[in-house]
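Below is one structure, written out as structure tokens; the observations come after it.
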Amino acid sequence: MNDVAIVGGGISGLAAAYYLSRQGLSIVLVEGQRRLGGMISTDEVNGCYLEAGPDSYVANKPAVTELAKSIPGLSEQIMGSNDAARRIFVVKGGKLVPMPRGMVMMVPSEWVPALRSPLFDPGTKLRFAREFFHSRKHRREDVAIGEFVKDHFDEAMLEYVTEPLLSGVYGGDAGQLSARSVLPRFVGYEERYGSLIRGVREERRQAGAAGPLFLSFQGGMQTLVDSVARALEGRVRIVHGHARGVERQSNGNWRVYTGDAEEEAPDLVLACPAFRAAELVARMDATLADELHSIPYSSAITVMVGLRRSDVSHPLDGFGFLVPKRERRQVAACTWINTKFPVRVAPDYVVVRAFIVGRDADDLHLASDAEVVDTVRAELQRLMGIYSGVQFTTVHRWPNSMPQYTVGHAQRVRQIEEQMRNHPRLYLTGNAYDGVGIPDSVRLAKATAQRIVRAR
Ligand SMILES: Cc1cc2nc3c(=O)[nH]c(=O)nc-3n(C[C@H](O)[C@H](O)[C@H](O)COP(=O)(O)OP(=O)(O)OC[C@H]3O[C@@H](n4cnc5c(N)ncnc54)[C@H](O)[C@@H]3O)c2cc1C
């Protein structure tokens with residue numbers, strides 16, 4: 001008999017299984033694909049580690065590092081991004097313009113680089129000075145990021161900084177996302193200081209020496225998945241099958257239907273995207289299913305291009321570039337792996353990772369890999385002057401993979417939690433609810449495991 005059934009073998013399901021199994025509970029984990037890890041997947045090609053999905057996680061959220069420390073040998077493989085060379089370019093007028101030093105999201109924390117930057121015109125620079133004197137503000141209602149940014153700066157700051165930075169994380173129409181759910185730290189500055197510039201400067205003054213911004217694993221993010229999966233061996237039963245529905249039995253247990261098989265357990269965790277959880281509960285609770293469906297998702301495509309080093313004259317003097325919508329053809333962002341994570345690229349190669357998001361990704365969903373690669377090559381030509389030398393490419397499509405925390409997201413999640421009270425011992429976890437990155441997914445999975453143990 002299982003104690004807990006988990007649907008979904010991405011990092012959320014794996015982390016939940018890991019923390020539950022450490023409490024001696026017997027777990028069955030149902031994963032629809034043949035491999036574990038969900039969106040985390042690393043290819044190894046010609047000695048280069050190529051990330052199909054996430055390439056790192058933010059260092060200031062501790063959950064992944066804590067998980068890694070609890071698994072023998074894993075934390076030794078953590079490495080930081082090469083922050084000595086950290087610099088991001090933004091495409092403006094078809095050219096790569098460096099983001100000025102000291103930008104914290106859309107907030108300039110250092111005057112001189114921001115005021116000298118060709119990225120901003122005089123009008124935007126004038127807004128910096130005015131913003132510094134904003135008085136404190138408490139908003140009763142959640143607002144869109146577009147409105148929030150324009151309250152402090154101007155349209156250009158939204159178009160050339162905020163939207164492109166957030167596109168890399170959320171994929172969709174970042175201006176429409178919820179300020180409260182996506183930029184809570186900046187909403188907090190507004191409440192405490194009025195000015196975001198003053199908030200960021202104050203926080204920087206108080207903070208000690210900063211480590212790297214991003215962390216990852218030497219052999220790629222897949223190392224995390226493989227290590228957690230190994231730690232589950234002999235403790236957690238993995239069933240590869242697509243769950244089609246869940247139902248509470250008369251004895252109070254939950255049953256998971258996977259086509260021809262069934263699993264039963266007193267506790268059930270749905271660690272899959274919200275729209276998949278909606279499908280699973282639809283017959284049992286249409287209201288809950290509707291609420292879960294109301295969290296929209298955006299798509300992404302990642303394209304890795306490996307080039308002969310001798311064919312690339314570009315200096316790769318930063319982590320890569322962002323393409324604001326106004327300047328965008330299809331590629332929204334590009335990472336220069338040689339600079340961000342040098343150990344991942346074999347000598348003699350340059351590896352560039354392009355990110356296509358939102359409608360552009362949907363439009364290319366049915367295109368052949370060759371067409372997608374051609375699109376990326378055209379952008380590398382236009383923006384980096386790379387014309388030849390392609391040695392290998394990989395294309396990974398992630399349809400409906402990035403939850404969009406649109407205005408009112410926190411309220412939607414509260415309604416889901418309210419509705420979940422009708423289903424004791426059923427739990428939701430994953431990146432749809434309270435943080436879209438891997439550290440948030442692991443933190444939430446651990447919290448879910450703790451809730452289950454406490455309630456038993
Ligand atoms: C292109 C891309 C780049 C990203 N980059 C970063 C980054 O750099 N840093 C970062 O922190 N985060 C990044 N993210 C986000 C990060 O990948 C996610 O936060 C994290 O992987 C979420 O894990 P999860 O387990 O919740 O979901 P998933 O990884 O989606 O796992 C869910 C699993 O559930 C399974 N499943 C679904 N339905 C069923 C069913 N009915 N039955 C059985 N199994 C089912 C799926 O097959 C899947 O394996 C990125 C995401 C994408 C798409």
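Ligands are counted one by one from 1 in listed order, and the atoms in each one are counted from 1 as well.
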By number and element, which atoms of ligand 1 are closer than 4.0 Å to a non-hydrogen atom of [X]?
X: G38; result: 29 (O), 31 (O), 48 (C), 49 (O)
X: G241; result: 43 (C)
X: V7; result: 40 (C), 42 (N), 43 (C)
X: D55; result: 8 (O)
X: G430; result: 26 (O)
X: V30; result: 43 (C), 44 (N)
X: P439; result: 11 (O)
X: T302; result: 1 (C)

Protein contact to [atom] [nearest heavy atom, distance to 0.1 Å]:
atom: atom 39 (C) of ligand 1; result: H242 CE1, 4.0 Å
atom: atom 34 (O) of ligand 1; result: G8 CA, 3.3 Å
atom: atom 37 (C) of ligand 1; result: C272 CB, 3.5 Å
atom: atom 28 (P) of ligand 1; result: M39 CE, 3.8 Å
atom: atom 31 (O) of ligand 1; result: G10 CA, 3.4 Å
atom: atom 18 (C) of ligand 1; result: N431 ND2, 3.4 Å
atom: atom 32 (C) of ligand 1; result: A271 O, 3.8 Å
atom: atom 19 (O) of ligand 1; result: V436 O, 2.6 Å

Self-check item: Audit row: Q330, D360, side chain to side chain donor-acceptor pair (under 3.5 Å) steps and yes/no
Solution: CA-CA 6 Å; Q330 271 100 0; D360 292 320; 5.3 Å; no

Consider only side-chain N and O atoms of [X] and [Y], and report whether a donor and an acceptor are under 3.5 Å apart.
X: Q222; Y: D226; result: yes
X: E247; Y: Y257; result: yes
X: N431; Y: S441; result: no
X: Q411; Y: D142; result: no
X: N338; Y: R344; result: no
X: Q415; Y: R412; result: no
X: H396; Y: D43; result: yes
X: E163; Y: S167; result: yes

Self-check item: side chain to side chain contact (heavy atoms under 4.5 Å, CB included) partners of A5, counting only residues at least two apart
Solution: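 V28, V256, A265, L268.
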
Test of ring centre spacing under 6.0 Å for [X] and [Y]:
X: Y349; Y: F392; value: yes
X: W254; Y: Y427; value: no
X: Y297; Y: F275; value: yes

Return the option from [options] holding the heavy atom at the smallest distance from [atom].
atom: atom 5 (N) of ligand 1; options: A16, S12, P54, A15; result: P54
atom: atom 9 (N) of ligand 1; options: S56, G437, G32; result: S56
atom: atom 49 (O) of ligand 1; options: M221, E31, H240, Q33; result: E31
atom: atom 2 (C) of ligand 1; options: G9, S401, G13, G53; result: G53

Practice problem: Taking all heavy atoms of R86 and all of L213, pick out the closest pair and write down the distance. | Solution: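 In terms of heavy atoms, the two residues are closest at NH1-CD2, 3.4 Å.
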
Quiz prompt | From T65, V58, V64, residue fulfilling side chain to side chain contact (heavy atoms under 4.5 Å, CB included) relative to K61 | solution =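 So the option named by the test is V58.
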
Self-check item: ligand 1 contact by A432, heavy-atom criterion under 4.0 angstrom
Solution: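 Distance cut 4.0 Å: A432 fails for ligand 1.
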
Practice problem: Report yes or no: does a heavy atom of F355 sit under 4.0 Å from some atom of ligand 1? | Solution: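 Per 4.0 Å heavy-atom rule, F355 contacts ligand 1.
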
Please say whether [X] places an N or O atom under 3.5 Å from an N or O atom belonging to ligand 1.
X: A243; value: yes
X: I438; value: yes
X: I11; value: yes

